[in-house]
Protein chains: 2
Amino acid sequence: MDIALNNEAPHTSVVPSGEGRFVDDYLLYLMARASHAISAEFHATLRRAGIQVPVWRVLASLSGSTTGETVTGLAEACLLQQPTMTKLLDRMVRDGLVKRMPDARDRRVVRIAMTPRGEATVRDLLVSAKAHEAELLSRFPDIGANRLKELLRSMAARPARGRRREAA
Amino acid sequence: MDIALNNEAPHTSVVPSGEGRFVDDYLLYLMARASHAISAEFHATLRRAGIQVPVWRVLASLSGSTTGETVTGLAEACLLQQPTMTKLLDRMVRDGLVKRMPDARDRRVVRIAMTPRGEATVRDLLVSAKAHEAELLSRFPDIGANRLKELLRSMAARPARGRRREAA
DNA sequence: TCATGACACATGAAATTTCATAAGCTAACC
DNA sequence: GGTTAGCTTATGAAATTTCATGTGTCATGA
């Protein structure tokens, strides 16, 4: 049960007053804060490379995809709205990182694929990302990486259950 | 140490092609995705109450604080930039949710405190938030809530920044 | 074949966020 | 005592995001 975690002050105290703020024990906040903090570490690398965070997310989501991704699919993957993704892709096309291609079966669909320039850009970043992840996990030797990842995946899965769609 | 997690498909497949995208096993992405997903559940409640997400974050961060928070402190707590917070507070002051007060010791500092209207607004939301958190944790009975929270707190703690704790 | 509804992406105006910087204070030092 | 550097908040222009909606395509069925 015991794991040797950092035993710093339990709350980093933005608040001097009350000994415990609500948010400092609120799971959603702790998740957002942890995610933000560890992402910020990598964002420094992106900054040095002159790559914006959403651009990196798109490139990372595209990496490995041969057929290309749809706009809506990318939006979901990057946790953005669809119109936001359309405009982000406009910029990335302009910068030569990705290209839009027609879908073979469905003419509504636009498939997004990386250009050689996009691939070259993402290649180095992927190396950095993997290195950072390894370093990060090494900071917490007592947690099982796969176990943690499984938990996160299940958290991201459909909340569903309970009220689905209201009867029309 | 086995835990019975949801055994859904390992990746929700935004990508039909490659059997495993990089991002689907990338810790930073999984954290962001999990955080986004569980937050989205609560955001539905906020939507119903007509409260914007950043407004909720400010109110939640203020709840319990007697002396009030500084603008910069709130910005950090809410994972926003300081100018963003200033403008957000402008709107919240306009809507009567918070007020700006001078700091007793330092005239540079502006202390932000909730108005009665702000307190009333946050009260119900806090109840909902706690209920949601309890329901959420009940979905994962095999993880220790406190253990998970400790892990998240340590992840959010200052990482590198040169060396660790230098006794000052 | 023609409705009809749903889907996928784009677009435009409005709201928000960011970046760089300004203005007001404080603290430290010479 | 008067710089000088640093800290806290505010501001304005530019970039981005969002919301609502438009356009074109697909799918179903009468």
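Values reported hereafter were calculated over all heavy atoms of this structure, with side chains retained and with hydrogens, waters and symmetry mates removed. In what follows, every chain begins at residue 1, and chains take the letters A, B, ... in the order their sequences are listed.
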OP1 or OP2 of dT8(D) sitting under 4.0 Å from any side-chain N/O of Thr72(B)?
no

Taking atom C1' of dT16(D) as reference, at what distance in whole Å does atom CG of Leu80(A) sit?
11 Å

Looking only at side-chain N and O atoms, does Gln82(A) offer a donor or acceptor that is under 3.5 Å from a partner on Thr86(A)?
yes

Counting only side-chain N and O atoms of Thr70(A), is one of them less than 4.0 Å from OP1 or OP2 of dA8(C)?
no

Out of dT17(D), dC25(C), dA10(C), which nucleotide sits closest to the side chain of Pro83(A)?
dA10(C)

Quick one: is Gln52(A) getting a side-chain N or O under 4.0 Å of the dT16(D) phosphate, OP1 or OP2?
yes

Starting at atom CD of Glu76(A), determine the distance to atom P of dC7(C), rounded to an integer number of angstrom.
12 Å

Whole angstroms only, please: what is the CG-P distance between Leu88(B) and dT18(C)?
11 Å

Arg100(B) atom CZ, neighbour heavy-atom count above 12 within 6.0 Å
yes

Please determine whether a side-chain nitrogen of the Lys or Arg among Asp103(B) and Arg105(B) lies less than 4.0 Å from a carboxylate oxygen of the Asp or Glu.
no

Just checking Asp90(A): base, sugar-phosphate only, or nothing, at a heavy-atom cut-off of under 4.0 Å?
nothing

Of the listed dC26(D), dT17(D), dT8(D), the closest approach to the Arg91(A) side chain comes from dT17(D)

Establish, with yes or no, whether the OP1 or OP2 oxygen of dA10(C) is under 4.0 angstrom from a side-chain nitrogen or oxygen of Arg100(A).
yes

Lys87(A) side-chain proximity, nearest of dT9(D), dC19(D), dT18(D):
dT18(D)

May I have the distance from Leu89(A) (atom CG) to dT11(C) (atom P), rounded to whole angstrom?
12 Å

Charged N to carboxylate O below 4.0 Å: is that the case for Asp90(B) and Lys87(B)?
no

Nearest listed nucleotide, side chain of Val71(B), among dT9(D), dC9(C), dC7(D)
dT9(D)

Among dT8(D), dA10(D), dC9(C), which is the nearest nucleotide to the side chain of Arg108(B)?
dT8(D)

Between P on dT11(D) and CD on Gln81(B), what's the gap in Å once rounded to a whole number?
18 Å

Where the side chain of Asp106(A) is concerned, which of dA13(D), dC26(D), dA13(C) is the nearest nucleotide?
dC26(D)

Kindly compute the distance separating CG (Leu126(B)) from NZ (Lys130(B)), expressed to the nearest 0.5 Å.
5.5 Å

Between Arg107(A) and dA27(D), is there a side-chain N or O to OP1/OP2 distance below 4.0 Å?
no

Under 4.0 Å from OP1 or OP2 of dT9(D): is there any side-chain N or O of Thr86(B) that close?
no

Distance check needed: dT17(C) P versus Met92(B) CE, whole Å only.
12 Å

Does Gln82(A) make a side-chain N or O approach to OP1 or OP2 of dA8(C) shorter than 4.0 Å?
no

Can you label the angle between the Trp56(B) ring and the Tyr26(A) ring as parallel, tilted or perpendicular, going by 30° and 60°?
perpendicular

Mind calculating the distance between CZ (Arg94(A)) and P (dT16(D)) to the nearest angstrom?
7 Å

Atom-to-atom span, CG of Asp103(B) to P of dG24(C) - whole angstrom
19 Å

